[in-house]
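Side-chain atoms are counted along with the backbone in the values below, which use heavy atoms only and exclude waters and symmetry mates. In this text the structure is predicted, and so the values were computed from the model without any measurement. This chain uses plain numbering: 1 for the first residue, then up along the sequence.
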Amino acid sequence: MSAQPVTVQRPLPPEESARADFYALLARLVHDAPDSALLAGLACAGSLPVEGDAALAKAWDGLVKASGAMDHDAATEEFEKLFIGIGKCEVSAYAGFYGGAPSIDHPRVRIQADLAALGLAHRRQVTEPEDHYAGLFEVMRVLVAGGAGRAPGTVAEQKHFYAAHVEPGASRFFRGLGAAASANYYRHVAAVGQAFISLESESFQLD
């Protein structure tokens with residue numbers, strides 16, 4: 001019996017693991033309202049060191065406190081008002097909306113091409129188009145931490161995908177979310193997202 005090759009993946013450094021966790025959390029909260037388990041987990045989360053990034057630490061504390069005061073039913077109602085709505089939602093979660101997407105060369109076409117180049121693909125069971133921010137944040141999580149059958153991406157791959165598909169509209173998305181009339185719990189989500197995206201942009205500029 002021949003031995004099968006074994007691929008050993010080195011543990012992620014703590015800062016990379018934290019980045020992946022933030023992308024995963026943002027993807028989850030943009031895709032659906034937090035359930036009771038997620039709210040409880042966030043309510044028990046510890047603080048972030050202020051010396052790391054003061055804005056992110058402050059926003060995180062706000063989300064932790066809000067999670068302790070929120071329940072699943074109220075979060076679901078808020079999520080539906082913000083992102084689903086009847087007739088028109090308050091906030092668009094699609095990157096194309098913030099980039100003035102043309103009918104020709106829509107961002108989804110470029111995202112599809114980049115996903116193929118990375119060896120990734122849009123899952124059949126996912127109904128949202130490729131430019132939904134939940135999907136874009138999930139791709140960044142995979143590029144940072146690995147997953148979906150592939151190792152973590154290089155810094156160049158992360159930087160390219162981020163600059164091409166996340167950075168152009170993510171700040172506007174989170175600002176709009178935080179200012180939405182129905183945003184109560186989600187204004188704290190928006191504050192964390194805005195602070196994290198600002199930190200990511202700054203970090204990529206230094207690479």
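How far OG of Ser92 is from CZ of Arg172: 10.0 Å, rounded to the nearest 0.5 Å. To the nearest 0.5 Å, atoms CG (Asp35) and OG1 (Thr76) are separated by 8.5 Å. Rounding to the nearest 0.5 angstrom, the gap separating the CG atom in Leu177 from the CZ atom in Phe83 is 4.5 Å. Note that CG of Asp21 and CG of Leu26 are 11.0 Å apart. Values are rounded to the nearest 0.5 Å. One distance of note links CD of Glu167 with CG of Leu136; it measures 13.0 Å at 0.5 Å rounding. Here CG of Asp131 is found 10.0 Å from CZ of Arg110. Values are rounded to the nearest 0.5 Å.
Remark: side-chain polar atoms of Ser17 are not paired, donor with acceptor, to backbone N or O of Pro13 under 3.5 angstrom. Listed for the Trp60 side chain is a donor-acceptor partner under 3.5 Å among the backbone atoms of Gly46. Between the side chain of Lys159 and the main chain of Phe204, a donor-acceptor pair closer than 3.5 Å is present. Checked by atom type and distance alone, the side chain of Glu78 pairs as donor or acceptor with a backbone atom of Tyr186 at under 3.5 Å.
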inquiry  = With side-chain hydrogen bond (donor to acceptor under 3.5 Å, both in side chains) as the criterion, how do His165 and Asp114 come out once you've worked through the C-alpha distance, each side chain's angles and the decisive distance to 0.1 Å?
reply    = CA-CA 10 Å; His165 308 300; Asp114 281 345; 2.6 Å; yes
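Contact of the Ser67 side chain with the Leu39 side chain is registered, since non-hydrogen atoms from C-beta on lie closer than 4.5 Å. Counting heavy atoms from C-beta outward, Ser171 and Gln194 have side chains that approach closer than 4.5 Å. Looking only at side-chain heavy atoms (C-beta outward), Leu29 and Leu38 come within less than 4.5 Å of each other. Two residues are said to be in side-chain contact when any heavy atoms from C-beta on lie closer than 4.5 Å; Phe22 and Val192 meet this criterion. Side-chain contact between Leu115 and Phe161: present, with at least one pair of heavy atoms (C-beta onward) separated by less than 4.5 Å.
In terms of heavy atoms, Ser47 sits closest to Asp61 at OG-OD1, 3.2 Å. Between Ala145 and Ala20, the shortest heavy-atom distance links the atoms CB-CB, 3.6 Å. Smallest separation of non-hydrogen atoms from His31 and Phe79: O-CZ, 3.3 Å. In terms of heavy atoms, Val142 sits closest to Gly147 at CG1-O, 3.5 Å. Pairing each heavy atom of Ala66 with each of His188, the nearest pair is CB-CD2, 3.4 Å. In terms of heavy atoms, Ala57 sits closest to Pro49 at CB-O, 4.1 Å.
Ring orientation note: the planes of Phe174 and Phe137 are close to parallel, at an angle under 30° on the 30°/60° scale. Aromatic ring orientation, Tyr98 versus Tyr133: tilted (interplanar angle from 30° to 60°).
Both Leu25 and Phe173 are part of a single hydrophobic cluster, where members link through side-chain heavy atoms under 4.5 Å apart. Cluster membership check: Val30 does not share its hydrophobic cluster with Tyr94, using side-chain heavy-atom separations under 4.5 Å among Ile, Leu, Val, Met, Phe, Trp and Tyr.
Under the side-chain contact (heavy atoms from CB on, under 4.5 Å) criterion, Ala180 pairs with Leu82, Glu90, Val91, Ala183, not counting sequence neighbours. Looking at residues two or more places apart in sequence or on another chain, you find a salt bridge (charged side-chain N to carboxylate O under 4.0 Å, His left out) between Glu157 and Arg150.
The pair Glu138-Arg141 meets the salt-bridge criterion, with a side-chain N (NZ, NE, NH1 or NH2) lying under 4.0 Å from an Asp/Glu carboxylate O.
Between the side chains of Gln158 and Arg19, at least one donor-acceptor pair of N or O atoms lies under 3.5 Å.
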